[in-house]
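Hydrogens, waters and symmetry mates are skipped; everything else that's a heavy atom, side chains included, is used. Quick caveat, the model's predicted, so the values are computed rather than measured. Labels below follow one simple rule: chain letters A, B, ... track the order of the sequence lines, proteins then strands, and each chain is numbered from 1.
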Amino acid sequence: MIKLTLPDGSIREAEAPLDGLAFAESIAKSLAKKAIAIKINGEVKDLATVIDRDVAVEVITVTTPDGLELLRHDAAHVMAEAVQELFPGTQVTIGPAIENGFFYDFARKEPFRPEDLEKIEERMRQIVDRNEVITRELWTRDDAVAYFKSIGEFYKAEIIEGIPSAEDVSVYKQGNWLDLCRGPHLPSTGKLGKSFKLTKLAGAYWRGDSRNEMLQRIYGTVWATDAELKAYLTMIEEAEKRDHRKIGREMDLYHFQEESQGSVFWHPKGYVIFNQLEAYIRRRLNASDYVEVKTPQLMASKFWEQSGHWGKYRENMFVVPDEIPNTEDEGPVLTGKGDLMALKPMNCPAHVQIFNQGIKSYRDLPIRMAEFGCCHRNEAHGALHGLMRVRQMTQDDAHIFCTEEQIQSETEHFVNLLYAVYQDMGFADVVIKLATRPEKFGGTIERWDAAEKALGDALRATGHDFIIAEGEGAFYAPKLEFHLKDAIGRSWQVGTLQLDYVLPERLGATYVAEDGSRKNAVMLHRAILGTLERFIGIMIESCAGKLPMWLAPVQVVVATITSDADDYAAEAVALLRAAGLRVELDVRNEKINYKVREHSVGKVPVILVAGKREAEERTVSMRRLGSQDQSVVGLDAVIKSLVAECLPPDLAPAAMKAAAE
RNA sequence: GCCCACGUAGCUCAGUGGUAGAGCACUCCCUUGGUAAGGGAGAGGUCGAGUGUUCAAUCCACUCCGUGGGCACCA
C-alpha cells in the first residue's frame with residue numbers, strides 16, 4: 001500500500017506502484033488529459049515516473065508556473081529538433097527555459113537569417129503535430145560522450161565530459177531526435193501546443209566566455225494558450241512605445257551624436273529633469289548629514305596606479321597626455337613624452353585625498369562625503385544603450401568613511417535613505433543583490449567574509465530580501481546592488497553600496513582611534529540613483545514620459561482660444577512663473593483642439609485654457625494630461641494649488657503642514 | 001569588442017541599376033476657431049562614409065562609421 005499526499009493535504013492510497021499519468025487518471029480523466037508532469041516531494045518529474053513509495057504528489061499542468069517552465073524547456077528542444085532537421089550539420093549546445101520563453105544556442109558556420117525563424121517555427125508546428133513520444137533513457141557517461149562525438153556533436157560531448165565519469169546521464173528521445181538533458185520533459189511533443197513564437201536571433205559565446213567561439217542563439221516565447229501569447233506580444237509592443245530613446249526624442253529632452261557617442265547632449269527640457277533630480281538628492285543628502293565636495297576631472301595616471309584602477313581598468317579609461325600639442329604644420333602633434341593623465345572613471349580615490357588632508361579622529365567619523373561626480377568610462381561600443389549605459393555619467397556618488405563598528409549602522413542608514421528616495425520616485429519593485437567575492441580580488445578572504453556578512457546583516461535588519469550574486473563583487477569589495485527594470489523588463493543596476501577595506505589601506509586613509517593608535521578607515525562606496533542619466537532613463541520609461549509634476553520639464557501651458565485672451569494669458573503666465581512654476585504660453589493662431597493635442601502629446605501635465613469668457617472672469621479652464629474633463633477655476637486659486645502640487649516629494653509634507661497651521 | 005539586422009527630409013517610413021517620394025513637423029497666406037490634428041501654398045535630401053563592379057550605383061560587392069537586438073563587459 002502506497003500513501004500519496006495531495007496538495008490539499010488529503011491522502012490517497014494506491015494498491016501498487018503507478019506512474020504519474022495513472023495517478024492523474026485516478027483523480028480525474030480530465031486531469032490526466034491536461035497532465036504534463038508530476039511533482040514528487042516538491043520536485044518536478046516526468047509524467048512517466050513511477051511512484052513506488054509514500055510521497056507528496058501533485059499533478060502539473062501548463063497553467064502552473066512549473067508547467068509553464070516545462071513547456072518553455074520543451075519548446076527549446078522542439079526548436080532544436082526543427083533546426084537540425086532543416087539545417088543538417090548544425091550542432092546543438094544548450095537550451096534552457098528563461099523568463100517568458102526559451103533559447104537554444106547552436107553552432108553552425110552559416111549564420112541564420114531572420115527569415116529562417118519562420119521556417120523553423122513552421123517545422124516546430126509539424127513536430128508538435130507529429131506528437132512524438134518523449135522518453136527518458138539513462139546512459140553511462142562514457143557511452144554518451146562516444147555517441148555524441150560519433151554524430152559530430154562536439155559541444156554536447158564536451159558538456160558530458162564535464163560530468164563525473166561514475167555518473168549516468170539522462171538522454172531524452174523524441175521521435176528520431178535525442179538530446180542530453182537533465183529533464184524533466186513533457187510526455188510528447190503534442191503537449192507543447194502551438195502558442196509559441198521565435199522572437200530574435202543573437203550571438204552568444206560558448207559557455208559565456210568571450211574567449212570562446214560565438215554561437216548563434218535563437219530566442220522564443222511560449223505560453224499555455226494563444227490568448228496569453230498574444231497578450232504577451234501586445235504587452236511588449238506597448239512597452240516598446242515607452243522606450244526612453246523614443247520618448248526622449250518626442251519630448252525633446254536630449255540627443256546623442258556620433259562625435260560623442262555615449263555622452264548626452266541635454267536639451268533645455270531634459271536638463272530641467274536632470275537639475276531637479278540633482279537638487280532633490282542634494283537636499284536629501286544634506287538632511288542626512290552628508291557634506292558635498294567637487295574633485296578634479298583629470299588626474300595623473302600614477303595616481304590611478306596607486307589606487308589599483310590602472311592595472312585592472314586601464315582599457316576602459318580615457319587617457320590623455322599631459323602635453324601641449326605642436327601647432328606647426330609639419331612635425332608630430334605630440335611627442336609622446338608627456339606624462340599620462342586620465343579622466344576620472346570614479347570619484348573614490350579623489351575623496352580619499354580630501355579625507356587625508358589633516359588628521360582625522362574617530363570623533364570625526366563617520367564622514368559622509370558626496371559628489372555629483374562627472375565620470376568617464378570608455379565602455380565597449382556594444383555596451384552603450386541610450387541613457388542607460390553611457391560613457392560620460394554623473395553619479396550621485398558618496399563615500400562614507402567610518403570605523404568598523406559603524407559599518408552596520410551606516411549601511412542601514414543608507415538602505416533606509418535609498419528606500420525613502422525610491423518611494424518618492426514611485427519605485428516599489430526593487431531587486432537587491434548581494435554580490436560576493438570574485439575570482440580576482442584585493443584584500444584577505446577573512447575581510448571579505450566579514451564584509452559580506454555585514455552587508456547581509458544590514459539588509460536583514462532593515463527588513464529587505466535579497467539574492468546572492470556569486471562572484472560578482474567589485475575587485476576591492478562586496479556590493480549591494482539595487483536593480484530597477486526598464487519598460488521591456490530588462491534589469492538595470494541603479495543604487496549600490498560597496499564595503500571597501502582595500503582602498504583606504506592602499507591610499508592610507510587612517511584615523512586616530514580612541515586608544516591613540518592609527519587605524520585604517522572603512523569606506524562605503526554608495527549611490528542611490530547610481531547615475532543620473534540611467535535613472536532618468538528608467539524614470540521616463542516607468543511613467544511613459546508622464547513625469548510627476550515636480551519633474552515635468554513644462555508643468556503648465558496656458559493656451560488661448562482666440563486672440564482676445566492673449567493679454568490675459570500672458571499675465572497668467574507671468575503670475576505662474578513668478579510663483580516658481582515652469583510655464584509656457586501658447587497664443588499661436590491655431591484652434592484649441594490643435595493646441596490641446598500638441599501639448600498632450602508633449603506630456604504637459606496641466607493645460608490652462610483661456611478664452612474671452614475666462615479673460616473677463618479672471619478664470620482658466622483646467623485640463624489635466626490623460627483626462628478629458630475640464631474645470632473652470634479662479635486664476636489665483638489655481639496658482640496656489642498648482643504651486644503646492646509641483647513641490648518635490650521631500651518638501652511637500654512640510655509645506656502642507658505649514659499651510660494647515 | 002563579438003554575432004545578426006538596419007542606416008533615404010527634423011521625425012515616421014515608401015521606393016528604384018538611368019542622380020528621389022508620402023504623412024507629420026517647418027515657413028508664408030487664409031481662417032478667431034471652446035478642449036487630442038481647419039484649409040492652401042512653399043521650402044527642405046552628396047539616399048551614413050569610402051572603395052570597387054558597371055556606360056551609369058541611393059540600389060550590387062567589399063571596408064569603415066553609427067544605430068538596434070543579444071553576448072561579453074559594467075570599478
(message) Tell me the interatomic distance from A:Tyr205, atom OH, to B:C4, atom P, rounded to whole angstroms.
(response) 12 Å
Choose from [options] the nucleotide whose nearest atom is closest to any side-chain atom of [X].
X	options	value
A:Met346	B:A37, B:A75, B:G34	B:A75
A:Met214	B:G34, B:G70, B:A75	B:G70
A:Arg490	B:G69, B:U67, B:A37	B:G69
A:Tyr219	B:C71, B:G34, B:A36	B:C71
A:Thr562	B:A72, B:G70, B:G33	B:G33
A:Ile592	B:U35, B:C73, B:U32	B:U35
A:Lys200	B:C2, B:G66, B:G69	B:G69

Under-3.5 Å donor-acceptor pair between [X] side chain and [N] base:
X	N	result
A:Arg314	B:A75	no
A:Arg207	B:C71	no
A:Glu259	B:G66	no
A:Arg217	B:C3	no

Are any protein N/O atoms closer than 3.5 Å to N/O atoms in nucleotides 8-11 of chain B? If there are, list each pair with its distance.
| from | atom 1 | to | atom 2 | distance (Å) |
| --- | --- | --- | --- | --- |
| B:C11 | O3' | A:Arg249 | NE | 3.4 |

[atom1]-based separation of [M] from [N] [nearest Å]:
N	M	atom1	answer
B:G39	B:U32	C1'	15 Å
B:G21	B:A43	P	13 Å
B:G68	B:A57	C1'	27 Å
B:A9	B:A20	C1'	11 Å
B:C47	B:G40	C1'	30 Å

I want to check a possible cation-pi pair here: [X] against [Y], using under 6.0 Å from ring centre and within 45° of the ring axis as the test.
X	Y	answer
A:Arg108	A:Phe106	no
A:Arg207	A:Tyr205	no
A:Arg447	A:Tyr501	yes

(request) Not counting sequence neighbours, which residues clear ring-ring contact (aromatic ring centres under 6.0 Å, His included) with A:Tyr232? List them please. (result) A:Trp223
Scan [X] against the nucleic acid and name what it touches under 4.0 Å (heavy atoms): base, sugar-phosphate only, or nothing.
X	result
A:Tyr476	sugar-phosphate
A:Asn316	base
A:Glu614	base
A:Lys595	nothing
A:Ala383	base
A:Gln498	sugar-phosphate

(request) Give a yes/no on whether any side-chain N or O of A:His385 is located under 4.0 angstrom from OP1 or OP2 of B:U67. (result) no
(message) Can you tell me if A:Lys479 touches the phosphate of B:A75, counting only side-chain N or O atoms and a distance under 4.0 Å to OP1 or OP2?
(response) yes
(message) Just to be sure I understand the geometry, which residues of residues 302-313 of chain A put a non-hydrogen atom under 4.0 Å away from RNA chain B?
(response) A:His309, A:Tyr313
(message) At a heavy-atom distance below 4.0 Å, what parts of residues 100-117 of chain A sit against RNA chain B?
(response) A:Pro111, A:Arg113, A:Pro114
List, with names and distances, any nitrogen or oxygen atoms from the protein found under 3.5 Å away from nitrogen or oxygen atoms belonging to nucleotides 38-49 of chain B.
none

(request) Give the dot-bracket string for RNA chain B, reading 5' to 3', where a pair is Watson-Crick or G-U wobble with both distances under 3.5 Å, ( ) marks pairs inside the strand, [ ] marks pairs crossing earlier ones, | marks a partner on another strand, and . marks unpaired. (result) (((((((..((((....[..)))).(((((.......))))).....(((((..]....))))))))))))....
(request) Could you tell me whether A:Phe265 and A:Tyr254 have their ring centroids closer than 6.0 angstrom? (result) no
(request) Drop me the distance from A:Thr221's OG1 to A:Lys200's NZ, to the nearest 0.5 angstrom. (result) 10.0 Å
(request) Start with the C-alpha gap between A:Phe482 and A:Phe427, add the side-chain angles, then the distance that decides, and say whether ring pair (Phe, Tyr, Trp, His ring centres under 6.0 Å) holds. (result) CA-CA 11 Å; A:Phe482 299 85; A:Phe427 292 110; over 10 Å; no
